[in-house]
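Structure, as structure tokens:
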Amino acid sequence: SYRLRRKRLTSELFYKEYNSRPLSYGDFYALCEEYQRLRFQELSEGTKKKHLSTIRLLREYRPNLSIDELTPELIRRWVIHMRKVRGNSEVTIAKNVRIVGIYINEAVRRGLIDHSPLREVKMRGCIDTTAEALSEEELDALYHSYKQKTFKGMLSDTLELFLFLCFSSLHVSDALSLQIDQIDKDEFTYIRCKMLNVRPRVVHVPISKPLRAIIEKRRAGRDNGLLWEDMPPVQRMNAALKYIARVAGVNRRLSTKFGRHTFATVFVRHTREINTLRDSLGHTS
């Protein structure tokens, strides 16, 4: 194998190969599958899906890939393929390369390759990666529609949840998992769903006046159970939010992601307290 690849085989490399080659003789995808068996128990479902999707994408581009074929040239060609053939955005390309880098680093850790080829690959700068957020005027317009009871039924419930996200900093999945008994008089606590099996950390969220009003309306005198019961799927709520935005005069393709980002943007604009924001969002940095 070394002779065919015109590589020099030393005794040191021979023993390294001998000790590591039960892994399907250097098959990169076999390494990925073994790593997933070990680590997927610690990852959230969303993160697992991203990993599987990225490895599937690489496999479509290069069905057979040995570990020693992981070169800067291969990564560059894959990036060009994603950009020109698949039409992926620079943000998506950067995420895919970062995920593949996790498996490459595992190969380095095991001594299967000397260093990561990603060191020599310079990624193109991503254009406008800032998360979208509402302005305070746009948030006021939506809150006014809510107070005026402009929407009924599922539309009203969706707007109410969206405003909860804007006032609480929660991701929609965390909000939908929030139990009433996690809510105290002045704050509520939760652990982010995506960090539950990785680095669980209790996040404390202070309850503002508008947030308290929404919570009391949703709990309707209940002492336990989910705060947000019988909500439609997120995809359906995102479609509803686009309609709500049009009616309220907000020129945005609104989705639930705007809520958490809006909280962060408004908070920083008014307080400049980055460390407090970090804790409120449940981030480590």
Side-chain angles (χ1 to χ4, degrees), residues 44 131-151 154-196 199-232 234 237-238 240-241 244-245 248 250 254-285:
S44 68
E132 288 193 272
L134 294 175
S135 68
E136 291 180 62
E137 292 75 18
E138 291 169 330
L139 180 58
D140 284 342
L142 290 171
Y143 191 65
H144 179 74
S145 294
Y146 172 70
K147 296 292 286 185
Q148 294 297 314
K149 300 181 179 179
T150 305
F151 304 99
M154 187 273 285
L155 292 174
S156 176
D157 291 341
T158 299
L159 177 56
E160 195 166 57
L161 173 63
F162 178 76
L163 291 171
F164 176 86
L165 303 179
C166 291
F167 295 136
S168 70
S169 83
L170 268 68
H171 185 275
V172 63
S173 60
D174 295 317
L176 294 174
S177 301
L178 187 66
Q179 298 282 337
I180 291 173
D181 57 15
Q182 294 173 249
I183 304 170
D184 293 327
K185 182 180 178 181
D186 299 317
E187 68 173 19
F188 66 82
T189 57
Y190 77 103
I191 297 174
R192 296 186 66 195
C193 293
K194 68 180 295 183
M195 305 302 290
L196 197 58
R199 290 187 300 274
R201 179 165 162 259
V202 176
V203 181
H204 297 261
V205 178
I207 300 176
S208 61
K209 187 176 179 180
L211 185 57
R212 168 62 66 189
I214 292 173
I215 289 173
E216 292 304 321
K217 183 173 180 298
R218 288 307 304 187
R219 72 188 300 174
R222 293 178 295 134
D223 294 324
N224 51 59
L226 291 172
L227 179 64
W228 297 95
E229 289 185 323
D230 304 320
M231 295 299 292
V234 174
M237 286 195 286
N238 284 336
L241 284 171
I244 290 169
V250 176
L254 210 57
S255 70
T256 55
K257 287 184 178 180
F258 274 75
R260 183 170 166 85
H261 302 161
T262 297
F263 174 91
T265 304
V266 174
F267 185 92
V268 166
R269 185 180 297 138
H270 282 273
T271 69
R272 304 294 179 187
E273 294 180 12
I274 296 296
N275 290 331
T276 304
L277 176 63
R278 176 200 63 197
D279 294 338
S280 298
L281 295 174
H283 287 173
T284 56
S285 66

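Worth saying up front: this structure is predicted, and the values here are computed from it rather than measured.
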(message) Counting C-beta onward and ignoring hydrogens, is there a side-chain heavy-atom pair between Gln182 and Ile180 closer than 4.5 Å?
(response) no

(request) Kindly write out the residues that satisfy ring pair (Phe, Tyr, Trp, His ring centres under 6.0 Å) with Phe162, not counting sequence neighbours, or none if the list is empty. (result) none

(message) Quick check against the 3.5 Å criterion: does Thr150 have a side-chain atom that pairs as donor or acceptor with the backbone of Tyr146?
(response) no

(request) May I ask you to test the Ile214-Leu163 pair for a side-chain heavy-atom distance under 4.5 Å? (result) yes

(request) Anything under 30° is parallel, anything over 60° is perpendicular, the rest tilted; go ahead and classify Phe188 against Phe164. (result) parallel

(request) Looking only at non-hydrogen atoms, find the nearest pair between Glu138 and Val250 and report the distance. (result) O-CG2, 3.9 Å

(request) Go through the structure and list residues passing ring pair (Phe, Tyr, Trp, His ring centres under 6.0 Å) with Phe267, not counting sequence neighbours. (result) Phe263

(message) I'd like to know if Arg218 and Glu229 make a salt bridge, using a cut-off of under 4.0 Å between side-chain N and carboxylate O.
(response) no

(message) Going by the rule salt bridge (Lys or Arg N to Asp or Glu O under 4.0 Å), which residues pair with Glu187 if we only count those two or more places apart in sequence or in a different chain?
(response) none

(message) Looking at every heavy atom in both Leu155 and Ala240, which two are closest together, and how far apart are they?
(response) CD2-CB, 3.7 Å

(request) To the nearest 0.5 angstrom, please state how far the NE2 atom of His171 sits from the CG atom of Leu176. (result) 9.5 Å

(message) Taking the side chain as everything from C-beta on, heavy atoms only, tell me whether Thr158 gets closer than 4.5 Å to Leu241.
(response) yes

(message) Using only atom types and a distance under 3.5 Å, with no angle test, would you say the side chain of Glu216 pairs donor to acceptor with the backbone of Ala213?
(response) no

(request) Of all the heavy-atom pairs spanning Lys185 and Ile207, show the shortest one and how long it is. (result) O-CD1, 4.2 Å

(message) With a 3.5 Å distance limit and no angle check, can you tell me whether His261 reaches the backbone of Glu132 through a side-chain donor-acceptor pair?
(response) yes

(request) State the OG-CG distance between Ser173 and Leu178, to the nearest 0.5 angstrom. (result) 11.5 Å

(request) Determine whether Arg269 and Glu136 make a side-chain contact, defined as any pair of heavy atoms from C-beta on separated by less than 4.5 Å. (result) yes

(message) Taking the side chain as everything from C-beta on, heavy atoms only, tell me whether Trp228 gets closer than 4.5 Å to Glu160.
(response) yes

(message) Within the 4.5 Å heavy-atom criterion, are Gln179 and Asn224 side-chain neighbours or not?
(response) no

(request) Dump the intermediate steps for side chain to side chain contact (heavy atoms under 4.5 Å, CB included) on Ile183 and Ile215, then the final yes or no. (result) CA-CA 9 Å; Ile183 304 170; Ile215 289 173; 3.9 Å; yes

(request) Before giving the answer on side chain to side chain contact (heavy atoms under 4.5 Å, CB included), spell out for Val205 and Leu170 the whole-Å C-alpha distance, their side-chain angles and the decisive distance to 0.1 Å. (result) CA-CA 9 Å; Val205 178; Leu170 268 68; 4.0 Å; yes

(message) Please find the pair of heavy atoms, one from Leu142 and one from Leu159, that lie closest to each other, and give the distance.
(response) O-CD2, 3.8 Å

(message) Do Leu161 and Asp157 have side chains that approach each other closer than 4.5 Å (heavy atoms only, starting at C-beta)?
(response) no

(request) Please report the shortest heavy-atom distance between Phe167 and Pro210, naming the atom on each side. (result) CE1-CB, 3.9 Å

(request) Indicate yes or no for a side-chain donor-acceptor contact from Thr262 to the backbone of Leu134 under 3.5 Å, with no hydrogens or angles considered. (result) yes

(request) Search all heavy atoms of Leu227 against all heavy atoms of Arg222 and return the closest pair with its distance. (result) O-NH2, 3.3 Å

(message) Test your reading of the model: is there a side-chain donor-acceptor pair from Arg260 to the backbone of Thr256, 3.5 Å cut-off?
(response) no

(message) Within the 4.5 Å heavy-atom criterion, are Leu139 and Cys166 side-chain neighbours or not?
(response) yes

